[in-house]
Amino acid sequence: MKTYNIGVIGGDGIGPDVVAEGLKVLRAVKDGGFDCNFVEYPYSGAYYLKTKELVPDRVIEEWRGLDAVLLGAIGHPDVEVGLVERSVILGLRFGLDLYINLRPIKLYAEALCPIKGKGPDDIDFTVIRENTEGEYTQIGGILKKGTADEVATSTSIYTRVGVERATRYGFELARARAVQSNRPGHLTMVDKANAIRPQEIWTRTFAEVGKEYPDIKQDHAYVDAFTMLMIQQPERYDTVVTTNLYGDIITDLGSTLQGGIGLAASGNLHPGKASMFEPIHGSAPDIAGQNVACPLGAIMAVSMMMDYLGEKTAAKRIEDSVAFLLSSGQIKSADARSGIGTTQMGDMVVEQIQLSAG
Ligand code: IPM
Ligand code: MG
């Protein structure tokens, strides 16, 4: 039987609460088909406060040898802003060269959508966020800090290799989605090359790689217009590729289209290699440990992880069960207002998986 080695980082705040439910669902779905060996890692803001330890290089090396990593959330109010996030989240993304951040935006029930008149047929697109370049490379700093002469710089990096591999992944995904949905393929590239001219590398690469994909409809939007259009006419979009920062921003906005950040999941991928899966929400320390956080983002991250590992049936059983609980109204919202506790919601997904198997 195939055994997957999966690193588990609960992290801070509600991270451990929701990861526990993700693992519960994973245990329910694996019956007989495959096995998992979980390796837990303590890295988090809370752990840093206790030990002053961030992620050491040898652990990054160890992660490269796993099949996948499941992450809850990182962020602690008493730790310097961004310190542990950079060590753990960006440590994984950069250390494992996870150059694709895949963020599906899919509405499972009309009642979850805050936009009048939009239903599941209108909201089903996937954002590919380039994940190792752009504004996130940490190139820059502050000179003469706190003085009248203070200077702050932050350099955005776009390499041909980085832009091309993200773009190519976008075209391939658009093609795969077209086959699956029996609709024409469509890839939209989002940038801000009118104001930030070096982003013209995105425009040019998109056009060049696009010649290899004549079957895919190709268009472009500036990120400011895109934020407006994805709310007004989300049905226009199918597959979207964009820079690291724009992808960060538009997927938080996108998560509200599908019912809230509590539901949104992501895969940080290096196709063919160890990859990392996480809900896109943060650590929400104010509601940690109270059994109120919505675990659906983490559960859907587990579904994405199993899909990535090739366990398509397990992945689909999880997704279908979550979709059913939402569309049938058994789960009415993806936040604390659902009135359903974290562990109860995990149990409901497990039960639904068992029902659908029987
Ligand atoms: C995300 C988060 C991270 C990011 C933060 C926590 C560093 O917002 O995964 O979207 O900016 O990428
Ligand atoms: Mg974000």
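Order of appearance sets the numbers: ligands from 1, and atoms from 1 within every ligand.
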Y213-E172 side chain donor-acceptor pair, cut-off 3.5 Å: yes
Output, by chain and residue number, all protein N/O/S atoms separated from the Mg ion (ligand 2) by less than 2.8 Å. D248 OD1
Which protein residues have a heavy atom closer than 4.0 Å to any atom of ligand 1, listed by chain and number? I89, R93, R103, R129, Y136, D248
Are T126 and R177 close enough that a side-chain donor and a side-chain acceptor fall under 3.5 Å? yes
Check: D149/T147 side-chain N/O donor and acceptor closer than 3.5 Å: no
Is the Lys NZ or Arg CZ of K52 less than 6.0 Å from the centre of Y48's six-membered ring, within 45° of the axis? yes
Exercise: do Q290 and D17 side chains pair donor with acceptor under 3.5 Å: no
Donor-acceptor pair between T132 and E130 side chains, under 3.5 angstrom: yes
Show your working on side chain to side chain contact (heavy atoms under 4.5 Å, CB included) between E53 and Y43 and close with a plain yes or no. CA-CA 8 Å; E53 199 190 350; Y43 304 106; 3.9 Å; yes
Do the ring centers of F94 and Y136 come within less than 6.0 Å of each other? no
Check for a donor-acceptor pair, side chain of S356 on one end and backbone N or O of Q352 on the other, with a separation under 3.5 Å. yes
